[in-house]
Amino acid sequence: MKYNFNNIEAKWQKYWAENGTFKADNSSDKPKYYVLDMFPYPSGAGLHVGHPLGYIASDIYARYKRHKGFNVLHPMGYDSFGLPAEQYAIQTGQHPSITTRTNINRYREQLDKIGFSFDWSREVRTSSPEYYKWTQWIFTELFDSWYNLQTDKAEKIEGLISKFKTSGTAEVSAVCDEDANSFTAEQWNSFTEQEQEKILLQYRLTYLAETEVNWCAALGTVLANDEIVNGVSERGGHPVVRKKMMQWSMRISAYADRLLQGLDRIDWPEPLKEIQRNWIGKSVGAQVRFNVLSDQTKDDDYIEVFTTRPDTIFGVSFMTLAPEHPLVDKITTAAQKQAVHDYVKATAKRSERERMADVKNISGVFTGAYAEHPFTKKPVPIWIGDYVLAGYGTGAVMAVPCGDSRDYDFAKHFGLEIPNIFEGVDISEQAYSSKDNCKIANSDFLNGLDYKQGTTKVIAALEELNQGYGKVNFRLRDAVFSRQRYWGEPFPVYYVNELPKMIDKQHLPIELPEVEKYLPTETGEPPLGNANSWAWDTERNEVVGNDKIDNQSVFPLELNTMPGWAGSSWYFNRYMDPINANEFASEDSLNYWQDVDLYIGGSEHATGHLLYARFWQKFLFDRGRLAVDEFAKKLINQGMILGTSAFVYRLEGENTFVSKNLISDKSVTPIHVDVSFVNTSEELDLEAFKNWRPEFKDAQFILEDGKYVVGREVEKMSKSKYNVVNPDDICENYGADTLRMYEMFLGPLEQAKPWNTAGITGVHGFLKKLWKLYFDDNGIQVTDQDPSAESLKTLHKTIRKVEEDIENFSFNTSVSTFMICVNELSAQKCNSKSILEPLAILISPYAPHIAEELWAGLGYNNSISTAEFPVFNQEHLVESTKTYPISFNGKMRFTLDLPMDLSKEEIEKIVMDHEKTKTQLEGRIPKKVIVVPGKIVNIVG
RNA sequence: GCUCGAGUGGCGGAAUUGGUAGACGCGCUGGAUUCAAAAUCCAGUUCUUUCGGGAGUGUGGGUUCGAUUCCCACCUCGAGUACCA
């Protein structure tokens with residue numbers, strides 16, 4: 001019987017599907033274990049070999065946990081709202097839902113071929129109304145909540161309203177807009193409903209506000225900060241400009257500190273946590289007020305600065321405002337007006353990208369105005385400079401050139417004073433920016449104090465003067481939640497007198513309307529502006545035609561849609577109870593599954609998905625909907641699989657291609673060529689190449705040894721580089737089990753690595769060899785014979801190593817272990833059932849199809865998937881002798897087999913009397929002999 | 001610039017707490033089988049060598065009986081981040 005992988009794999013995939021083998025129950029006597037993959041966006045290109053890497057790893061883990069007696073939840077779904085389907089719709093007019101469905105079907109087919117143990121009965125799609133009903137619901141819950149700093153959690157907005165009613169803002173400590181005003185209960189009660197609503201928007205966890213947003217004209221939408229890389233859009237690299245728009249925002253800043261603290265409680269990769277910490281950007285310091293001294297302006301103007309070094313306040317020799325700072329116009333003196341105006345204009349013209357690229361050039365202008373130092377009362381010149389960012393802190397800094405390198409450079413450049421306030425520190429060459437090992441000097445009441453003492457003391461003094469207070473600042477901004485797109489979740493929002501109203505939970509979902517065109521309207525409204533039927537009837541509680549809008553009972557609906565990260569911020573909870581029509585998930589299922597035990601996915605989601613998902617989780621937890629406030633205990637980032645691109649070299653100006661090693665000094669253009677035209681010895685299939693594109697039809701070739709040899713380069717796997725390798729072909733030619741094991745064999749999971757099929761025959765050969773242990777030409781050849789001690793040893797050391805490897809996510813090394821095991825058992829001619837049966841279970845997480853077939857061959861008629869994992873027994877590994885390495889000065893020179901029960905002295909005697917020892921020493925007398933019984937002998941001298 | 005991570009044969013990569021460096025696989029070489037090929041099997045494969053050995057894990061130093069592993073300095077590559085006050 002031959003190892004016919006195609007038949008075997010098709011057979012078992014069908015069996016699993018028909019028998020619901022991997023269906024997880026929401027209640028069980030077994031302990032729960034939740035293994036999750038980051039769900040994919042179903043793109044038109046289908047899966048390439050890079051996608052399944054993480055899925056294979058998590059599948060091995062999930063299958064292993066089933067063998068270990070866990071009730072395993074291992075679901076899969078699709079993040080199916082997104083730009084590519086919409087772009088395709090704009091180009092072709094095909095509805096994005098059709099494109100999406102087609103792509104999902106393709107993905108599903110490809111995934112099925114790899115033999116994953118997903119519970120497909122729990123599949124979710126973020127674009128299905130049954131799913132986004134609950135995304136909309138979470139949105140309304142956020143709208144109905146505020147963040148109470150006294151209890152440090154989100155609470156229902158009714159609680160805030162009743163506080164306003166009884167005592168105004170006096171008793172309220174909340175996260176709210178910076179410009180929120182205080183008022184008394186009487187004032188609140190006298191406000192119109194309209195006014196009250198406006199105030200409440202300043203407190204709600206999702207709110208509508210005029211926001212400075214990142215507008216990307218090319219994509220026709222706003223982008224979140226994490227969707228912008230180096231000042232251009234992450235997708236497509238289009239320019240992004242700042243623009244004020246009425247937008248929904250998420251008050252994620254309320255959770256900044258908890259998002260930071262929570263990182264310490266979860267087992268996520270350190271670099272990823274570091275990225276989140278930087279993104280949240282907590283800095284502890286003080287807000288300080290500098291009064292402006294000016295003849296022309298009123299005395300009550302002041303500049304607020306945020307500083308992390310209030311202890312250095314006596315080192316202030318000037319102040320710098322961002323050119324965009326609102327006070328610039330007001331305080332600039334007549335003499336400086338022109339210079340300041342020119343500078344502001346020049347910086348406004350430069351794109352954010354230019355400004356960032358040009359860090360070296362120091363620029364700025366004096367405003368002519370002065371501020372008063374809060375302690376010395378001396379005048380401090382006020383400058384503007386583009387090294388100060390309008391968007392961070394207060395958009396102004398107190399410059400301490402001796403303690404900050406940017407202030408130092410600025411001062412040097414413009415010849416400003418650099419007072420030294422550090423005891424015994426030389427600042428003639430550079431600023432001293434360390435907080436440690438230094439005492440403050442020339443600073444009045446702060447002299448002799450260190451950073452910590454000085455900070456405490458100066459904050460107290462500032463508070464006394466009413467010119468400052470201790471403050472914690474975060475870099476994390478509230479997240480813009482509106483997108484001017486079609487293919488996203490509609491907001492369950494309608495507008496009464498321009499104020500947003502939520503549609504009640506019982507009427508959700510509000511489904512996406514049909515539109516003729518997927519582009520913005522002629523008046524510049526988002527694509528939903530094209531819908532004819534997009535108004536809310538508050539009496540019938542349904543979406544009706546726009547012509548019915550009377551602003552009495554029928555009102556216009558929101559035209560924006562939600563961003564890509566809305567649906568992915570809570571999907572892991574939906575998997576726990578995916579078809580519940582009454583709740584986002586039942587309390588029982590949420591309490592049972594709790595959280596994700598193992599989450600595997602790419603590190604590129606560090607500041608997007610993974611931060612927003614943690615935010616929503618904490619919010620839903622605060623509101624009593626969830627049992628835990630972190631959704632994933634452990635997270636692993638799988639490394640990217642890179643493509644190995646192939647190149648041909650065309651002679652400049654000709655249609656002639658030169659083989660790689662004949663180029664020498666010829667002038668050639670490298671051209672990407674489809675990797676499927678190249679065999680393992682780098683030789684190009686000339687016929688395939690000629691037929692590839694018309695322009696190559698008549699191509700000429702300069703060959704070496706009758707072959708055309710291509711060049712190679714490792715790059716990201718992408719369609720445009722023609723280096724995409726499709727998993728389907730591998731499954732067809734070698735089988736899914738080979739693909740699974742080979743992807744693991746490539747190297748450590750977290751590491752990026754180039755895809756190279758060269759080694760795949762080794763893994764495939766291993767599976768054939770495994771097969772031959774069980775089957776020969778006459779069928780199964782497993783016997784009930786007692787196993788040899790040797791075979792038991794082989795088995796048990798394999799059990800130990802494989803179990804250890806899986807627990808450590810070191811899947812590459814267990815593939816080697818299996819190879820060694822099968823090599824040894826083959827050499828031992830082992831066909832004992834008591835060895836081969838546990839071996840089949842051991843390997844089943846890695847190569848499930850062949851394992852099922854072997855299991856059936858052993859006489860079982862159920863699936864191997866829940867067979868008990870073999871138990872390691874140390875007894876089989878006990879040795880009576882040890883092969884000692886005999887080292888001289890730490891270098892192993894020969895080995896010696898000695899009984900294990902010898903004493904140190906006996907070992908030393910045998911070794912020293914040995915002939916080879918004498919040759920090694922060449923008559924020298926050893927200074928020392930180290931004997932570690934069971935380990936090593938080292939002779940020094 | 002800063003913060004991480006990594007440097008081991010021709011290649012992908014192994015090496016539990018410091019204890020036989022190069023497991024396993026690819027590739028390569030030779031052999032068996034075959035009319036031939038594929039497949040399969042066996043042997044060899046870090047470098048060097050006067051065939052006794054000797055050197056060797058990016059470089060230089062240190063700790064140790066012993067270092068790929070620990071410490072210090074440097075070099076190279078990769079990832080992330082970037083005027084955050």
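Numbers restart at 1 for each chain; the letters A, B, ... are given by sequence-line order, proteins then strands.
- Rounded to an integer number of Å, the gap from A/His764 NE2 to B/U40 P is 8 Å.
- Rounded to the nearest Å, the gap between the C1' atom of B/C24 and that of B/G60 is 34 Å.
- Per the geometry, CG belonging to A/Asn756 stands 10 Å off P belonging to B/G13, to the nearest Å.
- Comparing B/C65, B/A15, B/A85 by their closest approach to the side chain of A/Lys928 singles out B/C65.
- Comparing A/Ser603 and A/Asp404 by the nucleotide of RNA chain B that holds the closest heavy atom to each, the one mapping nearer the 5' end is A/Ser603.
- Checking B/A79 for Watson-Crick or G-U wobble geometry (two distances, each under 3.5 Å) identifies B/U3 as its partner.
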**Request:** For salt bridge (charged side-chain N to carboxylate O under 4.0 Å, His left out), just list the numbers for A/Glu790 and A/Lys793, CA-CA rounded to whole Å, side-chain angles, deciding distance to a tenth of an Å, and then say yes or no.
**Result:** CA-CA 5 Å; A/Glu790 243 189 325; A/Lys793 192 175 145 191; over 6 Å; no

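- Spacing of C1' atoms, B/U68 relative to B/A14, comes out at 11 Å, to the nearest Å.
- The partner of B/G66 cannot be assigned: no Watson-Crick or G-U wobble pair with both contacts below 3.5 Å exists in any strand.
- Only the C1' atoms considered, B/A36 is 16 Å distant from B/U40, to the nearest whole Å.
- A/Phe318 and A/Phe410 have their aromatic ring centers within a separation under 6.0 angstrom.
- Look at B/G27: its glycosidic torsion is beyond 90° from 0, and that puts it in the anti range.
- B/U20: no Watson-Crick or G-U partner with both key distances under 3.5 Å is found in any strand.
- Remark: the separation of the P atoms in B/G22 and B/G58 is 16 Å, to the nearest Å.
- For the C1' atoms, the distance linking B/G54 with B/U50 amounts to 12 Å, nearest Å.
- Both A/Lys282 and A/Glu804 sit near RNA chain B, but only A/Glu804 has its closest nucleotide nearer the 5' end.
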Nucleotide N/O to protein N/O under 3.5 Å, stretch nucleotides 52-54 of chain B:
residue : atom : partner  : partner atom : Å
B/G54   : OP2  : A/Arg893 : NE           : 3.4
B/G54   : OP2  : A/Arg893 : NH1          : 3.4

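- Residue A/Thr308 places no side-chain N or O under 4.0 Å from the OP1 or OP2 atom of B/C84.
- There is no side-chain donor-acceptor pair under 3.5 Å between A/Thr881 and A/Asp897.
- Between the NE2 atom of A/His325 and the P atom of B/A85 there is a distance of 17 Å, given to the nearest Å.
- A syn orientation is assigned to B/G9, its glycosidic angle lying within 90° of 0.
- One can place CG of A/Asp386 at 18 Å from P of B/A85, the figure rounded to the nearest angstrom.
- A distance of about 32 Å separates the C1' atoms of B/G31 and B/A15, rounded to the whole Å.
- Separating the C1' atom of B/G27 from that of B/G13 is a span of 14 Å, rounded to the nearest Å.
- In this structure, A/Gln467 contributes its side chain and A/Leu462 its backbone to no donor-acceptor pair below 3.5 Å.
- One can place CG of A/Leu321 at 18 Å from P of B/A85, the figure rounded to the nearest angstrom.
- Side chains of A/Ser283 and A/Tyr392: a donor on one and an acceptor on the other come within 3.5 Å.
- In this structure, A/Asp264 and A/Lys273 have side chains that are not in contact, with every pair of non-hydrogen atoms separated by 4.5 Å or more.
- A donor-acceptor pair under 3.5 Å is absent between the side-chain atoms of A/Tyr734 and the main chain of A/Val763, judged by distance alone.
- Atom CG of A/Leu272 is separated from atom C1' of B/U3 by 14 Å (rounded to the nearest Å).
- The separation between A/Tyr742 atom OH and B/G13 atom P is 10 Å, rounded to whole Å.
- Heavy atoms of A/Pro748 sit under 4.0 angstrom from primed sugar atoms or phosphate atoms, though from no base atom.
- If you take atom C1' in B/C26 and the same atom in B/G19, they sit 30 Å apart, rounded to whole Å.
- Phosphate contact (OP1/OP2 of B/G13, side-chain N/O of A/Gln751, threshold under 4.0 Å): present.
- Panel note: side chain A/Lys772, backbone A/Tyr3; no donor-acceptor pair is recorded below 3.5 Å.
- Close to B/C84, at under 4.0 Å from its OP1 or OP2, lies a side-chain N or O of A/Arg406.
- In this structure the side chain of A/Leu635 reaches within 4.5 angstrom of the side chain of A/Met38, judged on heavy atoms.
- The partner of B/C41, taking Watson-Crick or G-U wobble pairs whose two distances both stay under 3.5 Å, is B/G31.
- Per the geometry, CD belonging to A/Glu274 stands 10 Å off P belonging to B/G5, to the nearest Å.
- Remark: aromatic rings of A/His764 and A/Tyr742 are distant, center separation not under 6.0 Å.
- Across all strands shown, B/C26 forms a Watson-Crick or G-U wobble pair, both distances under 3.5 Å, with B/G10.
- Put simply, the side chain of A/Tyr469 never gets that close to the backbone of A/Ile459: no donor and acceptor are under 3.5 Å apart.
- Pair assignment for B/A15 gives none, since no Watson-Crick or G-U wobble pairing has each distance under 3.5 Å.
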**Request:** Indicate for each nucleotide in nucleotides 17-30 of chain B, in 5' to 3' sequence, whether protein heavy atoms under 4.0 Å reach the base (B), only the sugar-phosphate (S), or nothing (-).
**Result:** B-BBS-BBSS----

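- Residues A/Asn823 and A/Lys769 bring a donor and an acceptor atom of their side chains to less than 3.5 Å of each other.
- Under the Watson-Crick or G-U wobble criterion, with both distances below 3.5 Å, B/U50 has no partner in any strand shown.
- Pairing for B/C74 is with B/G58, a Watson-Crick or G-U wobble pair whose two hydrogen-bonding atom distances lie under 3.5 Å.
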